[in-house]
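Quantities reported herein were computed from a predicted structural model and do not represent experimental measurements. Proteins get letters first, then strands, A, B, ... in listed order; numbering begins at 1 in each.
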Protein chains: 2
Amino acid sequence: MSTERPVRVRRSPEAARENILAACEAILLEKGPQALKLADVAAGAGVANATVLHHFGSIDGVQTALMTRMIRQLVERVAVDFSQHQDAVGRVGAGARALFDAFGTRGGARLAAWLELTGEARRMTAIRQAVQEVSALRMQLDGPPDDGAVQDFMLVCISMALGVGLFGATLADLLGRPPERIREIALDLIEARIRQETGAQG
Amino acid sequence: MSTERPVRVRRSPEAARENILAACEAILLEKGPQALKLADVAAGAGVANATVLHHFGSIDGVQTALMTRMIRQLVERVAVDFSQHQDAVGRVGAGARALFDAFGTRGGARLAAWLELTGEARRMTAIRQAVQEVSALRMQLDGPPDDGAVQDFMLVCISMALGVGLFGATLADLLGRPPERIREIALDLIEARIRQETGAQG
DNA sequence: CGTTCTGTTGACATTTTTGTCGGTAGCGGC
DNA sequence: GCCGCTACCGACAAAAATGTCAACAGAACG
């Protein structure tokens, strides 16, 4: 009957990119990285395939942009929590907590796992950049004494946060355990070590 | 010159499948799951595309078989290390160490990450099976007292082992730290907690 | 209004990946 | 030796995914 033609929304370039990347993030969280097909992304964003290509050049460009965006968000989130605490000691605990939050939500750990699994050179630069940003942030707040032991411990915390963030929910579900307990226990391990260290030294 | 025709090797069905899956494993470890294309698998195994399909039906069948195989290998490896120790207390430490070994080598953590990222129902059954096997194994060795706290702690250990196994090497490399330190520190965290627990209780 | 700029699109072309099919060839049994 | 079974293969078909293009249509500006 009616000759209704489809309404065509016209966004600013930034809004258009943002819209598409948001759809990508949803897909990544819900179905994993292998589901980031051009057609799916376009459908999720409610635009045509060609529109996605117009803004990002290729599906590879989309993925790169998505990584950059998610890494930036992740670093910012950690930075906020990190800078809440004034004392260096409390900051380590808060920092660990921030790490677990960052990787446990919004697919931070899934992104990292994806990067690790695909692990091409181009993508590694993204991770390297993130690590350097966090490292620089910490140094800016706590000063230079970033000796090896501290760095190693940080890496352990990051690895733990990633492991718990990526697998914690699934594992807990498999054994019918409450999911948040894993996170708490892991954080407790870290904080116990910190208390022990500072207690011995101070 | 010569009319040399390509020698055609003829394997038993089991050997043929094994050959193909071994090639898959190499590809998975080296290039990640997204590189598990039919053509690459066939080339890696030194057979024709059609041969791979003949044995597994579809590329999906290949991936499922690969997961099953790797999970079985992983469970067996953990089981061996696990049963080395007689006392239950030492077994927890040895078990943690076995977990870290299992997930840190032969792509155990990468397999788990792959399963987690793709995470479809069919694949989840594979993980569930593995968890149940390990759980049954532990119960067979240590008896039934598998209360919630113990389970939760086990899950934390598994998550840590996975996180360290998957990201440890890359993270250490990014900061120029020796890779094995992360593992040692993480294990130390676990064992410290065990000593504390057993010391308080016994 | 008319013009320009460009975000948007469907239709189509290209490339990549998967799957099918008829025939070939190694191997054990007789 | 030959026969049946089936692992194996090349060639081709089908499907899926990516990318191209010319044209359409909002929005700002005169």
**Q** For A:I59 and C:dT14, give me the distance from atom CD1 to atom C1', rounded to whole Å.
**A**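 After rounding, the gap between these two atoms is 17 Å.
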
**Q** Can you tell me if B:H54 touches the phosphate of D:dA7, counting only side-chain N or O atoms and a distance under 4.0 Å to OP1 or OP2?
**A**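 Indeed, a polar side-chain atom of B:H54 lies that close.
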
**Q** Indicate, with a heavy-atom threshold strictly under 4.0 Å, whether A:A48 touches base, sugar-phosphate, or nothing.
**A**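 Here A:A48 touches the backbone only, sparing every base.
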
**Q** Does B:R110 reach the main-chain N or O of A:L117 with its side chain, forming a donor-acceptor pair under 3.5 Å?
**A**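 Yes; judged by distance alone, with no hydrogens or angles, the pair exists.
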
**Q** Do any N or O atoms from the side chain of A:T51 and from the backbone of A:V47 form a donor-acceptor pair under 3.5 angstrom?
**A**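 Side chain of A:T51 to backbone of A:V47: no pair is present.
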
**Q** Report the distance from atom NZ of A:K37 to atom C1' of D:dA15, rounded to the nearest whole Å.
**A**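 In whole Å, D:dA15 C1' lies 13 Å from A:K37 NZ.
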
**Q** I need the CG-P distance between B:L53 and D:dA15, as an integer number of Å.
**A**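 It is 15 Å, rounded to the nearest whole Å.
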
**Q** Taking the nucleotide of DNA chain C with the nearest heavy atom to each, does B:V9 or B:A50 sit closer to the 5' end?
**A**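 Its nearest nucleotide lies further toward 5', so the answer is B:A50.
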
**Q** Between A:R11 and A:E18, does any side-chain N to carboxylate O distance fall below 4.0 Å?
**A**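 No, this pair does not count.
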
**Q** Between B:E14 (CD) and D:dT6 (C1'), how many Å, whole number?
**A**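 Value for this atom pair: 13 Å.
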
**Q** Heavy atoms from C-beta onward define the side chain here; which of D:dT18, C:dT18, C:dG7 lies closest to that of A:P13?
**A**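 Nearest to the side-chain atoms of A:P13, counting from C-beta on, is C:dG7.
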
**Q** Please figure out whether B:G57 or B:R10 has its closest DNA chain C nucleotide nearer the 5' end.
**A**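 Final value for this comparison: B:G57.
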
**Q** Salt bridge or not for B:D152 and A:R183, using N-O below 4.0 Å?
**A**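 No, B:D152 and A:R183 are not salt-bridged.
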
**Q** Tell me whether the OP1 or OP2 atom of C:dT8 has a side-chain N or O from A:H55 closer than 4.0 Å.
**A**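 True: A:H55 side-chain N/O within range (under 4.0 Å) of C:dT8 OP1/OP2.
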
**Q** Heavy atoms only, 4.0 Å cut-off, all strands: where does A:A16 land among base, sugar-phosphate and nothing?
**A**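 Sugar-phosphate, backbone atoms only, no base.
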
**Q** Think A:T51 has a side-chain N or O under 4.0 angstrom from the OP1 or OP2 of C:dT9?
**A**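 Indeed, a polar side-chain atom of A:T51 lies that close.
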
**Q** Quick one: closest heavy-atom pair of B:L166 and B:A109, and the distance?
**A**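 That closest heavy-atom pairing would be N-CB, 3.6 Å.
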
**Q** Base of C:dT8, side chain of A:R11 - is there a donor-acceptor contact under 3.5 Å?
**A**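 No, the side chain and the base share no sub-3.5 Å donor-acceptor pair.
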
**Q** Please report the closest heavy-atom contact between B:H55 and B:R17, naming both atoms and the distance.
**A**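 Closest approach of B:H55 to B:R17: O-NH1, 3.1 Å.
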
**Q** With heavy atoms under 4.0 Å as the rule, sort B:S58 into base, sugar-phosphate or nothing.
**A**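 If one applies the 4.0 Å heavy-atom cut-off, B:S58 turns out to touch the sugar-phosphate alone, with no base involved.
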
**Q** Run the side chain to side chain donor-acceptor pair (under 3.5 Å) test on B:T118 and A:Q34 for me, step by step, so that the C-alpha distance in whole Å, both residues' side-chain angles and the decisive distance to 0.1 Å come before the verdict.
**A** CA-CA 7 Å; B:T118 58; A:Q34 84 288 352; 5.7 Å; no

**Q** With B:D188, which residues qualify under side-chain hydrogen bond (donor to acceptor under 3.5 Å, both in side chains), at least two apart?
**A**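 Residues passing side-chain hydrogen bond (donor to acceptor under 3.5 Å, both in side chains) with B:D188: A:R193.
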
**Q** Would you sort out whether A:F167 and A:I182 count as a side-chain contact (heavy atoms from CB on, under 4.5 Å), showing the intermediate values?
**A** CA-CA 10 Å; A:F167 299 103; A:I182 296 187; over 6 Å; no

**Q** Please tell me if the side chains of B:L36 and B:W114 come closer than 4.5 Å, counting only heavy atoms from C-beta onward.
**A**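 Contact flag for B:L36/B:W114 side chains = yes.
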
**Q** For DNA chain D, determine which residues of residues 17-31 of chain B have any heavy atom closer than 4.0 angstrom to one of its atoms, and list them numerically.
**A**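 Close to the strand, none.
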
**Q** What residues from residues 38-46 of chain B pass a heavy-atom cutoff of under 4.0 Å to DNA chain D?
**A**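 Listed by number, there are none.
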
**Q** Do A:R8 and C:dT8 have a side chain to base donor-acceptor pair shorter than 3.5 Å?
**A**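 Under the 3.5 Å cut-off, the side chain and the base do form a donor-acceptor pair.
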
